[in-house]
Amino acid sequence: MHQLWTWVFEPGLFSSQPVRVAAIIGGAVALVSAVTGVFTVMRGQSFGGHALGDVSAAGGSGALLAGLDPLAGFVGLGIVGAGVMDMIGVQRVRSRDLATGIVLGAAIGLSALFLYLEAISGATTGAPAQILFGSIFTVSPSAIPSVVALGAIALAGIAIVWRPLLLATVSTDIAAARGVRVRLTGLVFMLALAVSVGLSSLAVGAILSTALLIGPAATALRLTKAVGQAVAAACLIGVGATWLGILLAYDSYYWGSSHQGLPVSFFIVAVIFAGYLLSGLAAALSAARRRQPAATPPATAQARDKVAA
Amino acid sequence: MTLMTSQAARAATAEVLDVEGVSVSLEGRQILTDVSFTIGAGQFTGLIGPNGAGKTTLLRVILGLQRPSSGTVAVLGQPRSRRNSSIGYVPQKVLLDSDLPMRAKDLVALGIDGNRLGIPLPSKRRSEAVREMLHAVDADRFADARVGNLSGGEQQRVLIAHALISRPKLLLLDEPLANLDLRSGQEVISLLARIAAEQHVAVLLSAHEMNPLLPVMDRVVYLAGGRAASGTTEQVIQPEVLSKLYGHHVDVLHVHGRVLVVAGAAPVPDAGRTAGHVAEVG
């Protein structure tokens, strides 16, 4: 029993400061990402969410170059990006992809420039990997208060526009006729999304933030019937996958003889992806089970009609 | 006190909807020209006209989603304001994706307070009101099903329940029969007629095909070329009235209790053509 315990939780896991910080920040970030993710998937704004990740990358690398806190860059430029995307038409489905693509392209170009300048200045090593793919074990404990505060702001924003946002997701016409300010509601959501993506850029990297945003939400939406349930399930999946990823990354240090730990972000994303595949299997199975008994009565009714005819 | 009484009296006698001289032009194109009509309490009115006649634009003006270039809209004697819960609305295209995690009862509940801020707390009164409303539109069976998985007719019922649960005095429906098969369409129509009578809600329903509505319509607003004629079907569906609207001669044919509006011979001197062509099979 003890052996199994130490095999799963390798020695030093619970006393490790980086692991504790990673668990707190990763958990908080996963929670915020899961809630915003459900609305992102429902509103069909996954591409926008991904583009905001790229904007965050530009912000983070710019902040690093200027010697600022990367988190400020991630979130700050993400908010600006969300505002720009809203201005050039993210609220209209037709022009949404266009606006998103343009902002995304500009952001990646900026990241390329900032990361190049950072590399030739030689101040830090591994900046591209840190910005794009994250390194949660290196995050300083001093980041915890700002992560929690920013996460709380994003969640509060979504809680405030919860009902109008749902109504506008069903139909912007109905929402507008009911007096909902559709545009403002959408903007509040975009800003919350930008903060959420900025936070997950810190945890799993700007590029992988999409995985943490979309994965748990998409999995939860397959398994549940109501928005509240979906949000709760997405939170469980997101936080669970993040913690499991941290655990596996920590353990990976003890795998083999090289004693080289593998990146946390890889494990988190791998767990999310595996969960998504499993949920597809579960959804297909339950659909098949529902179809089977239901298929019999109509068939006999049809046969009866044929006989009667 | 006297003011209150006179206001109340005015509200009691006022028409549910009073559209007065409404014109709309969009991007230089004249969509509606001087449209006027009224709808009384509990009346079932068909807004009939060919595609592109301006039906959706007119509904959007009534809802306050489109500003008219001239004219006024009054609801229950009050000028149309943007926040108005006295109108229920079922738009033409509501794409309910099967991925949308929303049960029929959740969508109906959004009709109560979907415009308010914050997360709704579970309440017995809310769910009871939703249950009653779903029962009223004969949708209890699929209360717990995802809206995206329902058939077109079933979704239409849920959307009607969503629009009615805030107890509006006027229900607007934009082409609710457009994507329904004949039988589902008939069911929706008889449901609406029953609700208009039972709950004393005035119904204004747009359609390009009037025949399914003939048995239930109290009044008709006929739109063609951006102009409108209104009254009872007997008053409006007349060759003279409709010819004036269309701007060319049309005939109104009665075939086995169905009405067909048929364009007459084109006014161009074309000796070879004597027979008209069907402008609208109705």
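These figures come from a predicted structure and were not determined experimentally. First the proteins, then the strands, lettered A, B, ... as listed; each starts at 1.
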Toward chain A, the part of [X] with a non-hydrogen atom under 4.5 Å:
| X | answer |
| --- | --- |
| B/Ile119 | both |
| B/Leu59 | neither |
| B/Leu172 | neither |
| B/Asp144 | both |

Item to check | Proximal component of A/Thr185, with respect to chain B [non-hydrogen, under 4.5 Å] | outcome: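 Answer is neither: A/Thr185 stays 4.5 Å or more from chain B.
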Checklist entry - Side chain, backbone, both or neither: which part of A/Ala159 has a non-hydrogen atom closer than 4.5 Å to chain B? => result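 Backbone plus side chain of A/Ala159, per the 4.5 Å heavy-atom cut-off to chain B.
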Item to check | Pick from B/Gly118, B/Pro91, B/Ala145 with the largest number of heavy-atom pairs that fall under 4.5 Å of chain A | outcome: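 Highest number of pairs under 4.5 Å: B/Gly118.
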Item to check | Heavy-atom pair count under 4.5 Å with chain A, highest-scoring of B/Val147, B/Asp97, B/Asp113, B/Leu96 | outcome: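 The residue among B/Val147, B/Asp97, B/Asp113, B/Leu96 with the greatest pair count is B/Asp113.
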Next on the checklist: Test of understanding: with salt bridge (Lys or Arg N to Asp or Glu O under 4.0 Å), list the residues that count as partners of B/Arg116, not counting sequence neighbours.
Outcome noted: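 B/Arg116 satisfies salt bridge (Lys or Arg N to Asp or Glu O under 4.0 Å) with no other residue.
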Item to check | Residue from B/Lys105, B/His162, B/Arg141 passing side-chain contact (heavy atoms from CB on, under 4.5 Å) with B/Leu134 | outcome: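 It is B/Lys105, the one option of B/Lys105, B/His162, B/Arg141 that forms the side-chain contact (heavy atoms from CB on, under 4.5 Å) with B/Leu134.
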Checklist entry - Are B/Lys93 and B/Asp174 within salt-bridge range, i.e. N to O under 4.0 Å? => result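 The answer is no: the pair does not qualify as a salt bridge.
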Checklist entry - Any Lys/Arg nitrogen of B/Arg157 or B/Glu154 sitting under 4.0 Å from an Asp/Glu carboxylate oxygen of the other? => result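 No.
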Next on the checklist: Please determine whether side-chain hydrogen bond (donor to acceptor under 3.5 Å, both in side chains) holds for the pair A/Arg222 and A/Tyr276, giving the CA-CA distance in whole Å, both sets of side-chain angles, and the decisive distance to 0.1 Å.
Outcome noted: CA-CA 9 Å; A/Arg222 274 181 167 175; A/Tyr276 182 69; 3.2 Å; yes
Checklist entry - Going by the salt bridge (Lys or Arg N to Asp or Glu O under 4.0 Å) test, which pairs reach into residues 59-70 of chain B, not counting sequence neighbours? => result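 Passing the test, one end in residues 59-70 of chain B: A/Asp173-B/Arg60.
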